[in-house]
Amino acid sequence: MKNSEVAEKLMEIAHLLEIKGENPFKIRSYEKAANSILSLPKEIKEFVKEDKLKSISGIGASISQKIKELLETGKIQYLENLKKEIPQGLLEMLNIPGMGPKKIKAVYTKFGIKDIRGLEIAARRGDLAELDGFGEKTAQNILRGIELLTRQSGRMLSVTAKKIAEDFVEFLRKEKTCKKIEVCGSLRRACETIGDIDILAVSSKPQEFMERFIKKDGIKKVIAKGETKSSVLTEDEAQVDLRVVEEKSFGAAVMYFTGSKKHNIHLREIAVKKGFTLNEYGLFKKTKKGTGSFLAGKTEEEIYKKLKMQYIPPEIREDTGEIELALQRKLPELVERKDIKGDTHIHSTYSDGNARIPEIAQKAKSLGYEWVGICDHSRSLKVARGLSIEELLKKKKEIENFNKKSDVKVLFGAEVDILPDGTLDYPDEILRQLDICIIAVHTAFNQPEDVLNKRILMAMENPYVHILAHPSCRLIGKREPLSIDYEKIIKKAKERGVILEVNVFPDRLDLKDIYIKFAIQNGVLISMGTDAHALYQMDNIDYGIKYIRRGWVKKSDIINTMTYDEVKKFLKGRNR
DNA sequence: GCCGTTTTCGGCCCGACTGTTTTCAGTCG
Ligand SMILES: Nc1nc2c(ncn2[C@H]2C[C@H](O)[C@@H](COP(=O)(O)OP(=O)(O)OP(=O)(O)O)O2)c(=O)[nH]1
Ligand SMILES: [Mg+2]
Ligand SMILES: [Mg+2]
Ligand SMILES: [Zn+2]
């Protein structure tokens, strides 16, 4: 059973307990445990085997027992009992914006409403007004919420979110009263998908500013509008939250609005232990009465400092150990955009890319690179115009000639298919001629798990392989990651000196952040490739660098920081 | 339900907006 499935079960318990009206802290325990499991790179069954479940933060006697039961029997009796008690439809009602556990419980106990359909009928009829705390508008809002639900498109890819955010920022920045503006939330942390867009601003006329925000073109609905915070829904169904604060609170507010929620809560707990309070307005020393005295708030740096911590980069604010390390001043120095000297994975017109080698090199130069790896598809991948051996050798010639007169150097590469039987799509005498040999699965994704595992591990044994590309083969929102043993692949990469690619095409982000971190802990090197099929896609390096920082990558962990001479020599040395 | 370098019991982040209700509960960030 996958970690995500175990986490799912715990979240289901949390939701059912919420509807039951259980102790909120108990509910948070289940949520916290679920979250912890989601950030584990190792399979949960390994923890069960080694009897180490309780070493996971947020998992104690009761939850560890339930996880064991789940892995042994396939279910949790406690959850089964809850499900018997509470109809499934009530859980679905939680997805309606504005409907929370309390309202759901109320309509269920009073009217026996068991699903969204029933709720809609009751709201239309005007029955709901009978309930305490339910008025005219409540029913209206429920109906609007149900309407939104049916069209709600889920989470966005980073590219989509980035465009919307830039559009809003450009619009708001034009306002004369706009003093400061910053995109926060999951976009600032460079998460793999984005739920909504969170923008923070300082304005000399906050009320006017808010007014302008909710009246922007392309807004379909104002979800909420207040003095410091408003939310809107755009015509393309994206939610945008705007928070406006005073200059002296800007840092505290950026910190709050950047999150993550788990990081915020942990920081606030630390503040409390020191006799402080931390909120979006600042860090305050608690006094007997009143709000307390202001300690810091203008910048994030000064708040971390007052908490006796190093500054924590946004990308790693997930409460996965960064706070403890910041307290000990032991945070790693993460790789930066300016360290990047090349891109390992670009397609040209030789296969399914739309740019020629000189154009790619020129674009690389504009990005500040010294080199690019041009890796086209291999001969059996006909749909992507994979290169025959003759074409590949022609490409080799062109690159040799090109490099003689170019300051940006091209690495002669290929993205070689791992065939269904685990062999590679070119013979060794061809592979050995490549400056950069990356291998990947592009076919037969639905082989059984053990076959896939053997197939990939076998391919990694080939002495001419440098990089395993997009290891999970997932396409976010379209194709699930391969169910393979990532721990084994990471161990094999270490054993064979194979580099693991982080493919930063927006719907791939593969390796995924938690596995990047795990790979690096295990001494495996990574590479970053945009997998660009068009010049503009090489710009994905910008989000890419932030994404790999989520995996705690240092400059020395990634080959893209090497100079041309270094990378060339390094890859040559790997040919055994 | 979890957790502990003061604790094995008694805490558990903190605030904005909405709608309903005259002081707050629910939901969300
Ligand atoms: N202290 C605190 N901060 C919160 C809480 N919920 C949200 N925040 C902060 C941290 C979040 O990153 C930030 C923005 O909230 P969002 O719901 O938009 O979450 P985020 O952007 O992280 O993820 P998303 O991709 O939008 O789902 O607000 C909370 O319960 N407590
Ligand atoms: Mg957000
Ligand atoms: Mg938000
Ligand atoms: Zn590929």
Side-chain angles (χ1 to χ4, degrees), chain A residues 10 13-14 17-19 21-36 53-67 78 93-107 128-142 144-145 184-186 195-200 206 210 214 222-232 239-245 249 252-253 255-284 286 291-292 319 324 327-328:
Chain A
L10 296 178
I13 293 177
L17 292 177
E18 265 191 305
I19 293 171
E22 261 283 4
N23 176 357
F25 300 110
K26 184 169 165 179
I27 294 159
R28 245 190 60 192
S29 297
Y30 279 97
E31 291 171 348
K32 197 160 183 242
N35 264 319
S36 285
L53 273 178
K54 282 193 245 176
S55 71
I56 302 167
S57 89
I59 296 182
S62 170
I63 294 181
S64 72
Q65 206 48 52
K66 292 185 175 75
I67 293 172
Y78 181 64
M93 283 165 63
L94 274 175
N95 296 324
I96 302 170
M99 278 300 277
K102 299 286 159 57
K103 284 185 186 159
I104 293 171
K105 187 180 185 188
V107 299
L128 299 182
E130 281 175 44
L131 286 165
D132 286 345
F134 281 61
E136 237 177 89
K137 292 214 169 161
T138 316
Q140 273 175 33
N141 286 336
I142 288 175
R144 298 188 79 161
C184 302
S186 47
D196 71 358
I197 288 142
D198 305 289
I199 301 173
L200 178 73
M210 277 293 183
I214 60 163
V222 178
I223 297 166
K225 176 181 176 286
E227 303 220 320
T228 72
K229 181 181 146 189
S230 299
S231 293
V232 298
Q239 181 173 327
V240 183
D241 295 342
L242 175 68
R243 195 78 208 252
V244 183
V245 297
S249 295
M255 200 170 193
Y256 151 73
F257 220 23
T258 298
S260 65
K261 175 179 169 176
K262 292 173 285 173
H263 180 86
N264 286 355
I265 291 176
H266 196 162
L267 282 188
R268 288 170 183 209
E269 283 166 353
I270 286 174
V272 166
K273 285 203 191 98
K274 292 187 185 298
F276 303 153
T277 338
L278 177 61
N279 57 34
E280 61 266 53
Y281 301 106
L283 182 68
F284 301 86
K286 272 206 188 109
T291 50
D319 196 20
E324 291 77 2
L327 283 166
Q328 301 164 34

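A, B, ... follow the sequence lines: proteins, then strands. Residue 1 opens every chain. No hydrogens, no waters, no symmetry mates; every other heavy atom, side chains included, goes into these values.
- Rounded to the nearest Å, the gap between the C1' atom of B:dC9 and that of B:dT18 is 38 Å.
- Taking 4.5 Å as the limit, some side-chain heavy atom of A:M99 sits within range of a side-chain heavy atom of A:I104.
- Between the NE2 atom of A:H266 and the P atom of B:dC12 there is a distance of 15 Å, given to the nearest Å.
- The side-chain contact (heavy atoms from CB on, under 4.5 Å) with A:M255 is formed by just one residue from the set A:L283, A:L267, A:N279; it is A:L267.
- When all heavy atoms of A:M210 and A:K229 are compared, the pair lying nearest together is CE-N, 3.3 Å.
- With P as the reference atom, B:dC12 and B:dT5 are 16 Å apart, rounded to whole Å.
- Spacing between atom NZ of A:K225 and atom P of B:dG19 amounts to 13 Å, rounded to whole angstrom units.
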(request) Starting at the 5' end of nucleotides 22-29 of chain B, put B wherever the base has a protein heavy atom under 4.0 Å, S where only the sugar-phosphate does, and a dash everywhere else. (result) ----SSSB
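- When the C1' atom is compared between B:dC13 and B:dC28, the two are found 14 Å apart, to the nearest whole Å.
- As rounded to the nearest Å, B:dG15 and B:dT6 have P atoms that lie 26 Å from one another.
- Taking atom C1' on both B:dT8 and B:dG1, the two are 14 Å apart, rounded to the nearest angstrom.
- One atom, CZ of A:R28, and another, C1' of B:dC14, lie 11 Å apart when rounded to the nearest Å.
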Any N/O pairs under 3.5 Å between the protein and nucleotides 1-6 of chain B? List them or say none.
from	atom 1	to	atom 2	distance (Å)
B:dG1	OP1	A:S62	OG	3.3
B:dG1	O6	A:N23	ND2	3.2
B:dG1	N3	A:S29	OG	2.7
B:dC2	OP1	A:G60	N	2.6
B:dC2	OP1	A:G60	O	3.4
B:dC2	OP1	A:I63	N	3.1
B:dC2	OP2	A:S62	N	3.2
B:dC3	OP1	A:G58	N	2.8

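- Going from the P atom of B:dT27 to that of B:dT21 covers 16 Å, rounded to whole Å.
- Side-chain contact between A:I197 and A:I199: present, with at least one pair of heavy atoms (C-beta onward) separated by less than 4.5 Å.
- Residue A:L278 is classed as a sugar-phosphate contact, given heavy-atom separations below 4.0 Å to backbone atoms only.
- As a whole-Å value, the separation of A:M255 CE from B:dC14 P is 14 Å.
- Residues A:I13 and A:L17 are in side-chain contact: their nearest non-hydrogen atoms beyond the backbone lie under 4.5 Å apart.
- In this structure, A:L94 and A:P101 have side chains that are in contact, with non-hydrogen atoms separated by less than 4.5 Å.
- When each of A:T228 and A:E269 is assigned the nucleotide of DNA chain B with its nearest heavy atom, A:E269 is the one assigned upstream, toward the 5' end.
- Dashed line: the shortest gap from a side-chain N or O of A:T138 to OP1 or OP2 of B:dT20 is under 4.0 Å.
- Annotated as anti: B:dT20, whose O4'-C1'-N torsion sits more than 90° from 0.
- Under the 6.0 Å distance and 45° angle rule, A:K66 counts as a cation-pi partner of A:Y78.
- Rounded to the nearest Å, the gap between the C1' atom of B:dT20 and that of B:dG26 is 11 Å.
- Contact check for A:K32 versus A:L10: no side-chain heavy atoms found under the 4.5 Å cut-off.
- The phosphate of B:dC13 has neither OP1 nor OP2 within less than 4.0 Å of any side-chain N or O from A:N264.
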(request) Show your working on side-chain contact (heavy atoms from CB on, under 4.5 Å) between A:F134 and A:V107 and close with a plain yes or no. (result) CA-CA 10 Å; A:F134 281 61; A:V107 299; 4.1 Å; yes
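- Using N1 to N3 plus N6-O4 or O6-N4 for Watson-Crick, or N1-O2 and O6-N3 for G-U wobble, each under 3.5 Å, B:dG26 pairs with B:dC17.
- In this view, A:L327 and A:I270, A:M309, A:I323 satisfy the side-chain contact (heavy atoms from CB on, under 4.5 Å) rule, not counting sequence neighbours.
- Toward the 5′ end of DNA chain B lies the nearest nucleotide of A:E227, the other residue of the pair A:E227 and A:K137 mapping further downstream.
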